[in-house]
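Structure first, then comments.
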Amino acid sequence: MKRPESARPAHKDGPERSCVVTRMVKAPEDLIRFVVSPDGVLTPDLRRKLPGRGVWTSLSAATVAEAIKRKAFERSLKTKVMIPPDLAAMIDGLMHRDAVQALAMANKAGLVSSGFAKVEASIGSGRLAAVIEASDGAEDGRRKIGQALKRVAAARAEDGLKVRNTPVVAEFAAADLELALGRSHVIHAALAPGPAAEGFLSRWRRLVRYRMGDAGALGPESPTDFDETDEHTTEPAGPKAE
């Protein structure tokens with residue numbers, strides 16, 4: 001059967017899997033893998049390394065909640081499993097913690113500088129992978145950082161240079177930044193380029209995608225008694241997903 005265009009992943013990297021809710025076929029990095037623990041509890045496997053037969057959902061809290069509602073996990077695994085009532089929130093917490101730990105690794109690599117003046121200097125230097133702002137920081141500080149980014153972008157455009165789209169990370173509270181950086185009163189930070197910075201940004205993007213919802217909308221309610229586990233990836237069925 002020929003796959004609908006909407007079911008084809010934009011970037012094919014490694015084996016493809018199907019979401020148990022939308023039936024869309026995607027690369028593993030665009031999904032969340034779950035396995036059943038030895039005591040029969042459905043467990044998220046964010047790094048896709050846990051042993052056992054896996055089942056997958058799109059990278060979306062709403063899709064995880066829908067999978068629970070439709071009993072899609074049990075149908076796909078063909079067994080009764082214990083599902084934590086706060087599974088979607090638990091995944092959010094795990095992703096959040098993973099991102100904070102990755103920021104700590106970037107800091108250990110010497111890629112993070114904190115303080116408003118240092119962030120402004122980093123913006124002006126152009127050696128910047130991202131700006132990090134505490135979600136509970138003052139609005140005035142955010143506005144000034146935004147203005148600094150706009151000034152640099154305008155200057156580059158006037159010089160005929162490519163304008164960089166600098167990510168602004170604002171999903172973490174000051175307490176998270178203090179924990180990651182081992183410093184007090186962290187409201188603004190600059191992230192310099194480097195492998196550890198990319199590791200943090202990758203985890204941050206996954207967290208944002210999970211909270212905002214994956215690009216694939218939930219499809220109409222339908223039985224999921226087909227096999228969409230590690231051992232088998234089914235062809236998408238039914239109407240083309242929007």
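What's counted below: heavy atoms across the whole structure, side chains too, no hydrogens, waters or symmetry copies.
Across all their heavy atoms, Ala190 and Leu128 have their closest contact at CB-CD1, 3.7 Å. Across Ala99 and Trp204, no two heavy atoms sit closer than the pair CB-N, 4.4 Å. Of all heavy-atom pairs spanning Ala67 and Phe73, the tightest one is CB-CE1, 3.6 Å. Nearest heavy atom pair, residue Glu66 against residue Val21, reads CG-CG1, 3.8 Å. In plain terms, the two heavy atoms of Ala134 and Ala173 that are nearest each other are CB-C, 4.2 Å. The nearest pair of heavy atoms linking Ala130 to Leu201 is CB-CD2, 3.8 Å.
At distances below 3.5 Å, at least one donor-acceptor pair connects side-chain atoms of Asp136 with backbone N or O atoms of Ala174. With hydrogens and angles disregarded, no donor-acceptor distance shorter than 3.5 Å links the side chain of Glu171 to the backbone of Ser135. The closest donor-acceptor contact from the side chain of Asp45 to the backbone of Val35 lies at 3.5 Å or more, if one exists at all. Judged purely by atom type and a 3.5 angstrom limit, Ser122 uses its side chain to pair as donor or acceptor with the backbone of Lys118. Side-chain atoms of Thr43 come within 3.5 Å of backbone N or O of Val41 as a donor-acceptor pair.
Other residues, nucleotides and ligands contribute at most 12 non-hydrogen atoms within 6.0 Å of the CZ atom of Arg47. By the 6.0 Å contact criterion, CE on Met82 is open, its count of non-hydrogen atoms from other residues, nucleotides or ligands being 12 or less.
Salt bridge Lys144/Asp140: present, at least one basic N to carboxylate O contact under 4.0 Å. Taking 4.0 Å as the cut-off between side-chain N and carboxylate O, Arg143 and Glu139 do not count as a salt-bridged pair.
Atoms CZ and NZ, on Arg33 and Lys49 in that order, are 12.0 Å from each other to the nearest 0.5 Å. Atom CE of Met24 sits about 11.5 Å away from atom CD of Glu16, to the nearest 0.5 Å. In this structure, CG in Leu177 is found 10.5 Å from CG in Asn107, a value given to the nearest 0.5 Å. Within the model, atoms CZ of Arg211 and CD1 of Ile91 stand 12.5 Å from one another, a figure rounded to the nearest 0.5 Å. Between Phe34 atom CZ and Leu77 atom CG the span is 10.5 Å, to the nearest 0.5 Å. For the atom pair Ile68 CD1 and Thr57 OG1, the distance stands at 9.5 Å (nearest 0.5 Å).
Residues Val20 and Arg70 are not in side-chain contact: their nearest non-hydrogen atoms beyond the backbone lie 4.5 Å or more apart. Within the 4.5 Å cutoff, no side-chain heavy atoms of Val131 are placed close to those of Pro167. Using a 4.5 Å cut-off on side-chain heavy atoms (C-beta onward), Pro85 and Met90 make no contact. Counting heavy atoms from C-beta on, the side chains of Val169 and Phe200 come closer than 4.5 Å. With a 4.5 Å cut-off on side-chain heavy atoms, Val186 and Phe172 do not count as touching. The shortest side-chain heavy-atom distance between Leu103 and Ile132 falls under the 4.5 Å cut-off. Counting heavy atoms from C-beta outward, Arg209 and Asp30 have side chains that approach closer than 4.5 Å. With contacts defined as side-chain heavy-atom distances shorter than 4.5 Å, the pair Asp92/Tyr210 qualifies.
Hydrophobic clustering, with ILVMFWY side chains joined whenever heavy atoms are under 4.5 angstrom apart, groups Leu207 together with Leu59. Clustering ILVMFWY residues whenever any of their side-chain heavy atoms sit less than 4.5 angstrom apart, transitively, puts Met212 in the very cluster that holds Ile32. At a threshold of 4.5 Å between side-chain heavy atoms, the hydrophobic network of Ile, Leu, Val, Met, Phe, Trp and Tyr places Phe116 and Val112 in two separate groups. Cluster annotation: Met105 is not connected to Met95 through the hydrophobic network of ILVMFWY side chains, with a link wherever side-chain heavy atoms come within less than 4.5 Å. Hydrophobic clustering (ILVMFWY, side-chain heavy atoms < 4.5 Å, transitive): Val208 and Leu94 are in one cluster.
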Worksheet entry | Test side chain to side chain contact (heavy atoms under 4.5 Å, CB included) applied to Cys19 and Lys26, step by step | CA-CA 8 Å; Cys19 170; Lys26 302 179 181 181; 5.7 Å; no
Fill in: side chain to side chain contact (heavy atoms under 4.5 Å, CB included) assessment of Thr166 paired with Val152
CA-CA 11 Å; Thr166 303; Val152 170; over 6 Å; no
Worksheet item: After noting the C-alpha distance and the side-chain angles of Glu133 and Val119, does the key distance pass the side chain to side chain contact (heavy atoms under 4.5 Å, CB included) rule?
Response: CA-CA 10 Å; Glu133 299 177 339; Val119 173; over 6 Å; no
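For Arg203, the salt bridge (Lys or Arg N to Asp or Glu O under 4.0 Å) partners at least two apart in sequence or on another chain are Asp98.
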